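The block underneath contains the structure these notes are about, expressed in structure tokens.
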Amino acid sequence: PENLYLTYQKTTDPVKLFFAFISENKNLFSTSVYQKIQKIQNYDLSDQAKLVELGSIVSNYFLTLDSDERTKLENDLENATKNYLEKNKRTIFTTQINKISLSDFSVAAIGEVPGQPLNQFALDEYQNNLRIATTVGRNFWSFPFSSSNLESVNDVYVLDKNLKITGQIQDLGVGERIYSVRFLSDLGYVVTFKET
């Protein structure tokens, strides 16, 4: 009755994500390839142009490898990508929450949680705290070097009046996504399902 909550999805910039991945896994490429990739970061180009340049450098590197080396690099890149995305899945897609005070329509607080809520029923204000249920690990865009999808998980977060996380339950329904959420007084019901 006193606050309005607006949420929207935030995603990590794919170019920054790619450079961070390469920096963590520079041992997969030759020194000259890694140096070429690093130079692109400082170019005055659009993000799309940088992605094209990065793709070109990696493709050209693949052409210099024989069949066995190429297969090994493809497998190493696939594994490294899966590990990197798994480790960072709670920071790649997040939900920003803006708390608007209905008394004067000012922004009372701004917070952020990993994942995405299903709908408005996935949020609930109770005793001056906000509760939100999210699915983490779905909807990854096409990331270079990876054809596999990460298993989704579901989390519930409690945020205080300043939208700082004060409590959390993570990794509910591994491999599933939220189908329905209801919060009633001090209880929360989260229904998950897996499409087969």
Side-chain angles (χ1 to χ4, degrees), residues 1-18 20-21 24 47 78-79 81-196:
E2 296 170 7
N3 300 298
L4 172 71
Y5 293 91
L6 300 175
T7 66
Y8 61 90
Q9 181 182 342
K10 290 177 63 177
T11 59
T12 302
D13 177 347
V15 174
K16 288 181 182 170
L17 186 64
F18 186 88
F21 168 77
E24 273 192 30
D47 286 347
E78 175 82 25
N79 292 332
T81 301
K82 188 170 184 179
N83 291 338
Y84 180 80
L85 292 176
E86 182 65 39
K87 184 174 77 172
N88 294 287
K89 68 183 173 186
R90 285 194 169 84
T91 59
I92 295 173
F93 282 100
T94 60
T95 295
Q96 182 162 324
I97 306 164
N98 294 334
K99 179 179 179 179
I100 311 294
S101 171
L102 292 178
S103 62
D104 60 358
F105 291 101
S106 65
V107 177
I110 298 174
E112 192 171 327
V113 294
Q116 302 170 269
L118 175 66
N119 54 28
Q120 72 271 23
F121 299 109
L123 288 89
D124 180 73
E125 189 179 51
Y126 180 68
Q127 295 182 348
N128 220 12
N129 292 306
L130 179 70
R131 304 177 290 191
I132 181 170
T134 64
T135 298
V136 176
R138 309 182 24 230
N139 298 336
F140 282 105
W141 63 79
S142 178
F143 191 79
F145 319 127
S146 180
S147 59
S148 60
N149 293 320
L150 292 177
E151 279 195 310
S152 59
V153 294
N154 303 283
D155 300 342
V156 177
Y157 297 94
V158 178
L159 295 88
D160 65 14
K161 65 180 181 176
N162 298 314
L163 296 183
K164 303 296 180 213
I165 296 174
T166 58
Q168 60 195 18
I169 301 171
Q170 296 181 325
D171 298 326
L172 301 170
V174 174
E176 302 179 359
R177 69 179 182 89
I178 292 176
Y179 184 74
S180 178
V181 180
R182 291 296 181 276
F183 293 104
L184 301 170
S185 66
D186 60 352
L187 296 175
Y189 299 88
V190 179
V191 179
T192 63
F193 80 106
K194 183 172 187 171
E195 290 182 47
T196 58

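Position 1 is the first residue of the sequence, and the numbers go up from there. Just so we're clear, the structure is a prediction, and the values are computed from it rather than from any experiment.
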Gap separating the [atom1] atom of [X] from the [atom2] atom of [Y], nearest 0.5 angstrom:
{"X": "D13", "Y": "D47", "atom1": "CG", "atom2": "CG", "answer": "4.5 Å"}
{"X": "T134", "Y": "F93", "atom1": "OG1", "atom2": "CZ", "answer": "13.0 Å"}
{"X": "F121", "Y": "N119", "atom1": "CZ", "atom2": "CG", "answer": "6.0 Å"}
{"X": "E24", "Y": "N88", "atom1": "CD", "atom2": "CG", "answer": "6.5 Å"}
{"X": "T166", "Y": "R131", "atom1": "OG1", "atom2": "CZ", "answer": "11.5 Å"}
{"X": "I165", "Y": "E112", "atom1": "CD1", "atom2": "CD", "answer": "8.5 Å"}

Using the salt bridge (Lys or Arg N to Asp or Glu O under 4.0 Å) criterion, which residues pair with R90? Sequence neighbours excluded.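 R90: salt bridge (Lys or Arg N to Asp or Glu O under 4.0 Å) contacts with D155, D171.
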Among side-chain atoms of E125 and Y5, is any donor-acceptor pair under 3.5 angstrom?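 Per modelled atom types, E125 and Y5 side chains form a pair under 3.5 Å.
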Check the side chains of Y8 and Q96 for a donor-acceptor pair under 3.5 angstrom, ignoring hydrogens and angles.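 Indeed, the side chains of Q96 and Y8 share at least one donor-acceptor pair under 3.5 Å.
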Ring pair (Phe, Tyr, Trp, His ring centres under 6.0 Å): pairs with one or both residues in residues 96-119, sequence neighbours excluded: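 Output for this query is empty, none listed.
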So does [Y] get a backbone contact from the side chain of [X], meaning a donor-acceptor N/O pair under 3.5 Å?
{"X": "K99", "Y": "K161", "result": "yes"}
{"X": "N162", "Y": "K164", "result": "no"}
{"X": "N154", "Y": "L172", "result": "yes"}

For atom OH of Y179, is the number of surrounding heavy atoms from other residues, nucleotides or ligands below 6.0 Å larger than 12?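 No, the 6.0 Å shell around OH holds no more than 12 heavy atoms from other groups.
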Would one find more than 12 heavy atoms of other residues, nucleotides or ligands at under 6.0 Å from atom CD of Q120?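 For Q120, atom CD is crowded (more than 12 foreign heavy atoms under 6.0 Å).
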So which atom in [X] and which in [Y] form the shortest heavy-atom distance, rounded to 0.1 Å?
{"X": "T12", "Y": "T91", "answer": "OG1-O, 3.2 Å"}
{"X": "S101", "Y": "N3", "answer": "CA-OD1, 3.7 Å"}
{"X": "P114", "Y": "Y157", "answer": "CG-OH, 3.3 Å"}
{"X": "Y84", "Y": "A20", "answer": "OH-CB, 3.2 Å"}
{"X": "V181", "Y": "A133", "answer": "CG2-CB, 3.9 Å"}
{"X": "E176", "Y": "S152", "answer": "O-OG, 2.6 Å"}

Should Q116 and T135 be marked as a side-chain contact (heavy atoms from CB on, under 4.5 Å) after you check the CA-CA gap, both sets of side-chain angles, and the distance that decides it? CA-CA 5 Å; Q116 302 170 269; T135 298; 5.7 Å; no
Residues L123, T7; criterion side-chain contact (heavy atoms from CB on, under 4.5 Å); working and verdict: CA-CA 10 Å; L123 288 89; T7 66; 3.7 Å; yes
Please lay out, stage by stage, how I100 and V107 fare under the test side-chain contact (heavy atoms from CB on, under 4.5 Å). CA-CA 5 Å; I100 311 294; V107 177; 3.9 Å; yes
